[in-house]
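Keep in mind that what you see is a predicted model, and the values were worked out from it rather than measured. Residue numbers start at 1 and run along the sequence shown.
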Amino acid sequence: MTRITTRTAPARSAWQLEQQGVHPLLARLYAARGVSDRKELDYDLKGLLPPLSLTHAGDAAVLLADAIEAEAQLLIIGDYDCDGATATAVGIRALRALGAQVDFLLPDRFKLGYGLSPAIVDLAAEQAPDLIITVDNGIASLDGVARAQALGIATLITDHHLPGDELPAADCIVNPNQPGCSFASKNLAGVGVLFYVMLALRAELRQRGYFHDRPEPNFADLLDLVALGTVADVVKLDRNNRILVSQGLQRIRAGRLQPGLAALFKAAGRDPKRATTFDLGFTLGPRLNAAGRLADMRLGVECLITNDPARALNIAQELNALNVARREIEADMQAQALTLLEAMDVNDAAPGVALFDASWHEGVVGILASRIKEKLHRPVFAFAPGEGGVIKGSGRSIPGLHLRDALDLMSKRAPDLLLRFGGHAMAAGTTLKAADFPRFQSLFAEVAGELLAPADLTRSLETDGPLETGYVNLETAHLLQNEIWGQGFPAPLFVDDFDVEQQRILKEKHLKLQLRKGNQRFEAIQFNFSQQPEARTRAVFQVQINEYQGVENPQLRIEYLE
C-alpha cells in the first residue's frame, strides 16, 4: 500500500515570494519546502558560508601552505565512489594549480576496503609522502592514522561522515560533523569539504604574498566537479549546497566544464547545455561509480583530471561500457534477490531485510539493496563474499531508521558480530564472518522492528497536490527542469485523477499512456511499471520534456498509479 500525502504550502510565504517576483507556481512549490524569502533562492557565490567558519579549515590551510612552501610531497587518499572521485580531482587540480607536488592513491575496494586503513598507509609509504590528505574518508581511521604516525607521515583528514566515539589522532581534521564544529551546513559532501579547504588554503597563501609573482587560480572553475559529487552523494541540498550545485550547473550549461565531464556527457548522449541535477545524479554519477564498483576508480579520477579532450573521451567510453556491464550484473542479482524474497515471504514478515548470495558482486550490492528497498519499503542489507571468509554488506534505509545507529546498536548487543561498520542515516556498510550471516539477518530484523514505527513501514509519497492543467506545457517543464532539486529539497510531484484513454507496453517494461482530464489530453509514461491502470486512475507525476527527433513535447512522467 502507498499513502499519498500533500505538502502544506503556507499561503503567506507563497504570497510573499510572488510579491518578490517569483513565478506563481514556483512560489507555491518553494513555500511548501520552507522557503519564505527570495533571498533564500539567491544562489550567487557570495552567499556561501565563509570557508574559515568551517572548524579547522584555517588550521588545514596553514598545514598545507607550510607543506607547499617546503616543497613537501603530498598524497591524496580518496574513496571509490563519485563523491570520493570528484573530491580527489578537486584536490589534485587545486593543489597543482598552487604549485604543490601532489599525487593520489585510491584503495582497491575488493582488497583494501574503505578508508585510511593501515594496509593502504603501507602502500602509500612506498611513494614516500610527507603528508597524507584524506578526502571523503578518514574520520573513523584510528589505526590508519596511527600507522602513518609510526611511519613519520603527517595526516590531514577531510571527511563528512559521522564520527565514532573516538577521533583519530591526525594532525588536523576538517569535518562539519565532528564534535564541536559549529559550521552552519552539516550537509557538505566530501567534495564540498575539500573545496572549502582549498578556498581556505588559497586565502592563506594570498595572505603570505604567495601570488605576488605567480597567477592566482580561480577555484570557481572546479564547481562543476563539486556539483557532481554533491548531487551524486545524495546529501541534503540545504541552501549552501544548492549554491554549490547551482554554480556548477551554470558553468556546465555555459560550456565551462572539465574535459572529463564534457566527455561523460557525450558518452551518455546528453547535452551539457541543458544539464540538470538529474543528469548529475543519474547520468554522470553512475558512470563514474561503475569504475569503483567493477574496476578501479583511478580510471574515473583520470577522466576528471586530464586536460586532453581525446583522452577524456576514451576514458568516458570505457566508463560507459563499465556502466552497461554493471546494469547487466545488477539485473541478474535483482532477479536472484526477488527469488530469495519469494521464498522468504518477506512481505508479511521482517521489518528489516538482509540478503546474501555467494555469486553476488561486492561492487553492486549497494545498488541491489537500494532496488529491493524501493520494492519492499523496508531497510535492506545485501551481502556479497569478500576475501578470507568474510562477507561485505551494503545497506539502504527508509525514513524512520538511522542505519548507522541501527548497526551501532547491533554491535553493542552482539559485540563479536560486526567486524567493521560505518555510514550515514540512509546508507551504511558492514563486514562480518560468512558463518554469522543468519545471526545478522535475525538481529537486523529485530532491531529494525524496534526502531521503526508501524506507520514507517507504509510507503508514503509526498506530493505538491494537483497541478492546474494550464501549467502542463513546455514552458512549465523547462521552468521546473532548470531549478535546483535533490535530497531534502525534492523535485515537484503532482497528483490528480485522470481518465485512461489509451495504454500500451513498450519494451515489455514501460507503460505508455494517453490520459484525459476534462477536455485536455496528456501523454504520459511510467518506467518499469508494475501494473496497468483501469479506465479511471489517480496518478502521481512529474512534468517533463519528451524530445524525439529534435521535437519537444510536454510529458507526464508517472511515479505511481493508483
Side-chain angles (χ1 to χ4, degrees), residues 54-56 60 75-81 83-84 87-88 105-124 132-151 153-181 183 186-194 197 233 235 292 297 362 366 381 386 390 392-397 402-412 414-432:
L54 177 58
T55 300
H56 300 319
L75 183 66
I76 294 174
I77 294 186
D79 186 21
Y80 39 69
D81 68 358
D83 185 18
T88 301
L105 180 64
L106 299 172
D108 181 328
R109 76 186 299 159
F110 308 113
K111 296 177 182 176
L112 297 174
Y114 169 80
L116 187 70
S117 63
I120 199 167
V121 171
D122 288 339
L123 188 61
I132 284 175
I133 306 160
T134 71
V135 296
D136 194 31
N137 74 90
I139 196 63
S141 300
L142 279 68
D143 294 340
V145 169
R147 179 62 179 157
Q149 282 183 327
L151 294 172
I153 304 170
T155 49
L156 165 59
I157 303 296
T158 76
D159 200 353
H160 69 126
H161 293 93
L162 298 173
D165 294 333
E166 184 181 351
L167 296 179
D171 292 77
C172 184
I173 298 175
V174 185
N175 181 336
N177 291 302
Q178 68 179 306
C181 182
F183 189 64
K186 300 295 184 184
N187 304 299
L188 284 175
V191 68
V193 175
L194 198 276
V197 170
D233 211 48
V235 293
M297 186 46 103
E362 180 187 331
F381 266 94
V390 302
K392 297 181 178 181
S394 188
R396 298 294 183 270
S397 195
H402 191 297
L403 207 52
R404 186 195 173 280
D405 287 355
L407 290 176
D408 189 49
L409 180 57
M410 291 171 68
S411 74
K412 288 178 170 63
D416 62 332
L417 179 60
L418 308 182
L419 302 177
R420 288 186 297 278
F421 71 90
H424 298 286
M426 303 306 287
T430 188
T431 301
L432 50 132

*Look up atom CD in Q178 and atom CD1 in I139, then write down how far apart they are to the nearest 0.5 Å.*
5.5 Å

*Would you find a donor on one side and an acceptor on the other, under 3.5 Å apart, between the side chain of D233 and the backbone of A189?*
no

*Does any N or O in the side chain of K392 come within less than 3.5 Å of the main-chain N or O of T431, such that one atom is a donor and the other an acceptor?*
no

*Side-chain (N177) to main-chain (K186) donor-acceptor, under 3.5 angstrom*: yes

*asked:* Rounded to the nearest 0.5 Å, what separates atom CZ in F381 from atom OG1 in T430?
replied: 6.5 Å

*Using 4.0 Å as the upper bound for N to carboxylate O, is an ion pair formed by K412 and D408?*
yes

*asked:* Any non-hydrogen side-chain atom of H402 less than 4.5 Å from a side-chain atom of L162?
replied: yes

*Separation of D171 CG from H56 NE2 (nearest 0.5 Å)*: 12.0 Å

*Are the side chains of V235 and L188 in touch, meaning some heavy atoms are under 4.5 Å apart?*
no

*At what distance, to the nearest 0.5 angstrom, does CD1 of I76 lie from CD1 of I133?*
5.0 Å

*Heavy atoms, side chains only, cut-off 4.5 Å: are F183 and L54 in contact?*
yes

*Flag the pair H160 / N187 as yes when at least one side-chain heavy-atom distance between them is below 4.5 Å, and no otherwise.*
no

*With side chains defined as the heavy atoms from C-beta onward, is the minimum distance between I132 and L156 less than 4.5 Å?*
no

*Contact summary for A148 and T155, nearest pair of heavy atoms*: CB-CG2, 3.6 Å

*Grab the two heavy atoms, one from G366 and one from S394, that are nearest each other, plus how far apart they are.*
CA-OG, 3.3 Å

*When rounded to the nearest 0.5 angstrom, what distance separates CG in D159 from CG in N137?*
6.0 Å

*Test applied, side-chain contact (heavy atoms from CB on, under 4.5 Å); reference residue, V135; option that passes from I77, T88, V193, V197*: T88

_Rounded distance (nearest 0.5 Å) linking atom CZ of R404 with atom CE of M426_ = 16.0 Å

*Working for side-chain contact (heavy atoms from CB on, under 4.5 Å), residues I120 and L105*: CA-CA 9 Å; I120 199 167; L105 180 64; 3.9 Å; yes

*Kindly give the heavy-atom pair with the smallest separation between L403 and A428, and that separation in Å.*
CD2-N, 3.7 Å

*asked:* Under a 3.5 Å distance rule, please check whether S141 uses its side chain to pair with a backbone N or O of S117 as donor and acceptor.
replied: no

*Please confirm whether the backbone N or O of G393 pairs with a side-chain atom of E362, one donor and one acceptor, at under 3.5 Å?*
no

*Non-hydrogen side-chain atoms of H161 and D136 separated by less than 4.5 Å*: yes

*Could you tell me which non-hydrogen atom of P179 sits nearest to which non-hydrogen atom of L167, and how far apart they are?*
CD-CD1, 4.2 Å

*Please report the closest heavy-atom contact between S397 and A425, naming both atoms and the distance.*
CB-O, 3.7 Å

*Grab the two heavy atoms, one from G190 and one from D83, that are nearest each other, plus how far apart they are.*
N-OD2, 2.8 Å

*Taking the side chain as C-beta and beyond, is there a heavy-atom pair between N175 and C181 under 4.5 Å?*
no

*asked:* A side-chain contact here means heavy atoms from C-beta on lying under 4.5 Å apart; do T55 and V174 qualify?
replied: no

